[in-house]
K.L.:
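Attaching a single structure in structure tokens format; questions to follow.
One-based numbering along the sequence shown.
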Amino acid sequence: MIAEPDLAFVWELEQTCADGRPRTIRLEVGHPVYAEQPFPGWRCLVRLEGMLPEGAPIIGATAMQAFSLALRFGREMLWAAAAEGRLVERASGGELTLEMIAEGHH
């Protein structure tokens with residue numbers, strides 16, 4: 001079981017699915033944490049409520065690598081969501097296009 005992460009990044013989006021249904025997506029990325037088990041390394045938990053609610057530990061050799069890979073993983077998941085339907089940032093109301101996500105803009 002993975003402990004609740006101390007969150008470093010949270011981003012809330014609304015997706016309009018192809019069939020017109022709305023779906024809330026919340027991307028959460030935890031701060032890097034060093035762990036010895038099952039092997040030594042840095043981990044960042046990535047959770048996408050609405051897509052991947054259980055979360056996935058992203059592992060890196062350094063804290064910076066783990067965090068960078070976690071953000072990249074989140075971006076790839078959001079790219080897949082944007083390919084399936086319109087994504088809008090909840091705070092600003094701005095639309096996220098595939099191009100913006102691919103280039104790392106938000």
Side-chain angles (χ1 to χ4, degrees):
M1 175 147 174
I2 299 171
E4 286 296 310
D6 178 21
L7 298 178
F9 182 79
V10 177
W11 200 12
E12 293 187 348
L13 305 146
E14 289 291 329
Q15 180 186 40
T16 303
C17 299
D19 63 4
R21 289 179 301 113
R23 175 170 74 162
T24 299
I25 297 173
R26 178 180 163 105
L27 172 61
E28 299 176 347
V29 178
H31 284 281
V33 175
Y34 186 80
E36 289 288 334
Q37 298 297 323
F39 50 85
W42 289 89
R43 290 144 176 81
C44 282
L45 184 67
V46 176
R47 182 175 15 220
L48 284 114
E49 291 180 19
M51 295 180 69
L52 184 66
E54 294 299 314
I58 305 300
I59 300 166
T62 66
M64 180 65 81
Q65 183 185 43
F67 190 66
S68 176
L69 291 171
L71 290 174
R72 181 182 296 174
F73 176 76
R75 187 176 71 206
E76 294 296 324
M77 293 294 291
L78 291 178
W79 191 89
E84 294 176 359
R86 183 173 181 255
L87 278 183
V88 175
E89 185 178 40
R90 288 184 95 181
S92 70
E95 182 173 359
L96 269 73
T97 65
L98 290 171
E99 293 78 22
M100 291 170 74
I101 295 169
E103 294 173 7
H105 297 280
H106 77 276

K.L.:
Measuring from E28:CD to L45:CG, what's the distance to the nearest 0.5 Å?
P.N.:
8.5 Å
K.L.:
From L96 CG over to Q15 CD, what is the distance, rounded to the nearest 0.5 angstrom?
P.N.:
11.5 Å
K.L.:
Would you compute the distance between atom CZ of R47 and atom CE of M77 and round it to the nearest 0.5 angstrom?
P.N.:
13.5 Å
K.L.:
Are the side chains of D6 and V33 in touch, meaning some heavy atoms are under 4.5 Å apart?
P.N.:
no
K.L.:
Is there a side-chain contact between L27 and I25, using heavy atoms and a 4.5 Å cut-off?
P.N.:
no
K.L.:
Please report the interatomic distance CZ(R23) to CG(L13), rounded to the nearest 0.5 Å.
P.N.:
10.5 Å
K.L.:
What is the minimum heavy-atom distance between C44 and G30, and which atoms define it?
P.N.:
SG-O, 3.4 Å
K.L.:
Within the structure provided, determine whether E12 and T24 are in side-chain contact (heavy-atom separation under 4.5 Å).
P.N.:
no
K.L.:
Kindly work out whether a path of hydrophobic side-chain contacts (I/L/V/M/F/W/Y, heavy atoms less than 4.5 Å apart) joins M51 to W11.
P.N.:
yes
K.L.:
Could you tell me the separation between the CD atom of E89 and the CE atom of M100, rounded to the nearest 0.5 Å?
P.N.:
8.5 Å
K.L.:
Identify the heavy atoms of G60 and A66 that sit nearest to each other, and give their distance.
P.N.:
N-CB, 3.8 Å
K.L.:
Any chance you could measure W79, atom CH2, to L98, atom CG, to the nearest 0.5 Å?
P.N.:
5.5 Å
K.L.:
Establish whether I59 and W42 are linked, either directly or via other cluster members, by ILVMFWY side-chain heavy-atom contacts under 4.5 Å.
P.N.:
no
K.L.:
If you look at every heavy atom in F73 and A56, which pair is closest and at what distance?
P.N.:
CE2-CB, 4.4 Å
K.L.:
Please evaluate residues V88 and T16 with respect to the criterion side chain to side chain contact (heavy atoms under 4.5 Å, CB included), reporting the C-alpha separation (whole Å), side-chain torsions for both, the decisive distance (0.1 Å), and the verdict.
P.N.:
CA-CA 8 Å; V88 175; T16 303; 5.9 Å; no
K.L.:
If you look at every heavy atom in R43 and A35, which pair is closest and at what distance?
P.N.:
NH1-O, 3.4 Å
K.L.:
Tell me the closest heavy-atom pair linking T62 and Q65, and the distance in Å.
P.N.:
OG1-N, 3.0 Å
K.L.:
Taking all atoms of both residues into account, what is the closest heavy-atom pair of I101 and A82, and its distance?
P.N.:
CD1-CB, 3.8 Å
